[in-house]
Amino acid sequence: MKVLVTGGAGFIGSHLAEALLARGEGILVLDDLSTGSLQNIIHLMRRPGFEFRLGSILDMRAVDESVAACDVVYHLGAAVGVRLVFEQPVRTMETNVQGTQHVLDACLRHGRKVLIASTSEIYGKDAQSGTGRFREDDDITIGSSMRWCYATSKALDEFLARAYYADKGLPVVITRFFNTVGPRQSPAYGMVVPRFVEQALLGRPITVYGDGSQVRSFTWVGDAVEAVVRLMEVPAAEGEVFNVGSEDAVTICELAELIRGMTGLASEIVHIPYEQAYGPGFEDIHYRVPDISKLRRTVGYAPTLSLREILERMIGYTRERLGGKVQETVG
Ligand code: UDP
């Protein structure tokens with residue numbers, strides 16, 4: 001089998017490419033290196049069965065040729081991260097909507113099954129089902145500020161994919177990634193765990209935005225990758241949407257304290273107002289935790305690593321990456 005991974009030089013995409021390669025699949029990565037980087041896949045470049053093509057999902061021909069050359073498609077190429085999107089709304093909408101349409105069209109033309117990567121952002125504001133956790137069949141309540149450009153573009157991707165399934169019989173699987181953590185995740189896009197770990201190891205203040213009562217849950221990237229690969233193997237997942245995340249909830253304040261405690265260092269925990277962190281008009285999501293019973297039911301799988309294990313790995317990885325810059329342990 002040969003597998004196309006669009007966005008395969010990005011954070012989750014590069015881990016997915018690596019995992020599929022390890023299972024003996026041939027891999028073609030299509031990536032324009034806009035938010036992804038060659039650094040993420042440099043270790044795969046010389047492995048037999050791995051191929052990289054520099055190109056955009058907005059280039060219909062590049063997409064068509066790449067899809068034609070493969071048996072199955074994982075579409076992770078997108079303009080990602082709320083901050084980037086806030087800064088470049090037109091580019092975001094174009095990349096996410098036109099790019100996905102190119103991929104779906106090419107998959108239909110060549111008869112390829114496709115996974116469409118979506119995001120927990122599309123749940124929008126804090127409207128939850130009875131359990132307090134987001135469920136796939138919850139209503140979507142997107143706000144009116146430009147922050148919601150990203151969610152809107154991904155919601156349209158989901159509906160497009162479901163329309164191709166319903167109307168044209170294209171086999172699609174849609175996954176909504178919740179907060180995912182692992183090596184090579186860039187702190188530059190605002191991701192809280194790599195930021196806090198780096199701040200703690202450098203002995204700098206740990207920057208909690210707002211009062212820190214906001215709740216998230218974090219999934220190890222290897223667990224998220226395992227979930228999507230299993231979903232693509234199960235016919236019952238076709239035409240369906242799945243949360244991919246962890247149910248292990250934590251407040252951002254607790255996260256900061258946990259990371260500080262685990263590094264054994266004495267960084268100060270500081271609170272930064274949202275306006276200062278994101279600029280005016282930013283709305284944070286107070287409670288974001290998935291209900292993953294549908295994933296469990298469909299593939300018999302749930303993330304394996306606890307928050308503490310995830311943080312242990314991230315601290316180890318970041319310590320190595322920062323080398324001599326890491327502060328001496330106190331106490
Ligand atoms: N956050 C924080 N300090 C940081 C970066 C993020 O307090 O330095 C908060 C952010 O406001 C959000 C949570 O951590 O409430 C998760 O942020 P992230 O950007 O990782 O993901 P999101 O869930 O917002 O997509």
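Ligands are counted one by one from 1 in listed order, and the atoms in each one are counted from 1 as well. In what follows, residues are counted from 1 in the order of the sequence shown. Every value quoted in this text rests on a predicted model; they were computed, and no experiment measured them.
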* Asked: Is it true that E233 and R23 make a salt bridge, defined as a side-chain N closer than 4.0 Å to a carboxylate O?
  -> yes
* Charged N-O contact under 4.0 Å between R61 and D64 -> no
For a quick check under 3.5 Å, do [X] and [Y] share a side-chain donor-acceptor pair by atom type?
X	Y	value
D105	Y164	yes
D284	Y209	no
S267	Q199	no

* Structure fact -> Applied to residues 11-34, the ring-ring contact (aromatic ring centres under 6.0 Å, His included) test, sequence neighbours excluded, yields F11-H15
Considering only heavy atoms, does [X] approach ligand 1 within less than 4.0 Å through its side chain, its backbone, both, or neither?
X	result
T207	both
I252	side chain
V193	neither
F178	neither

May I ask you to check whether [X] has an N/O atom sitting below 3.5 Å from an N/O atom of ligand 1?
X	value
Y274	no
V208	no
Q214	yes

Show me which atoms of ligand 1 lie under 4.0 Å from any heavy atom of [X].
X	result
R288	22 (P), 23 (O), 25 (O)
F196	2 (C), 3 (N), 4 (C), 7 (O), 8 (O)
D284	11 (O), 12 (C), 15 (O)

* Asked: Quick check: are there more than 12 heavy atoms from other residues, nucleotides or ligands sitting under 6.0 Å from CD of E94?
  -> yes
* Structure fact -> Nearest heavy atom to atom 24 (O) of ligand 1, choosing from M191, H271, R216, H286, belongs to R216
* In chain order, what residues pass the ring-ring contact (aromatic ring centres under 6.0 Å, His included) check against F178, with sequence neighbours excluded? -> Y123
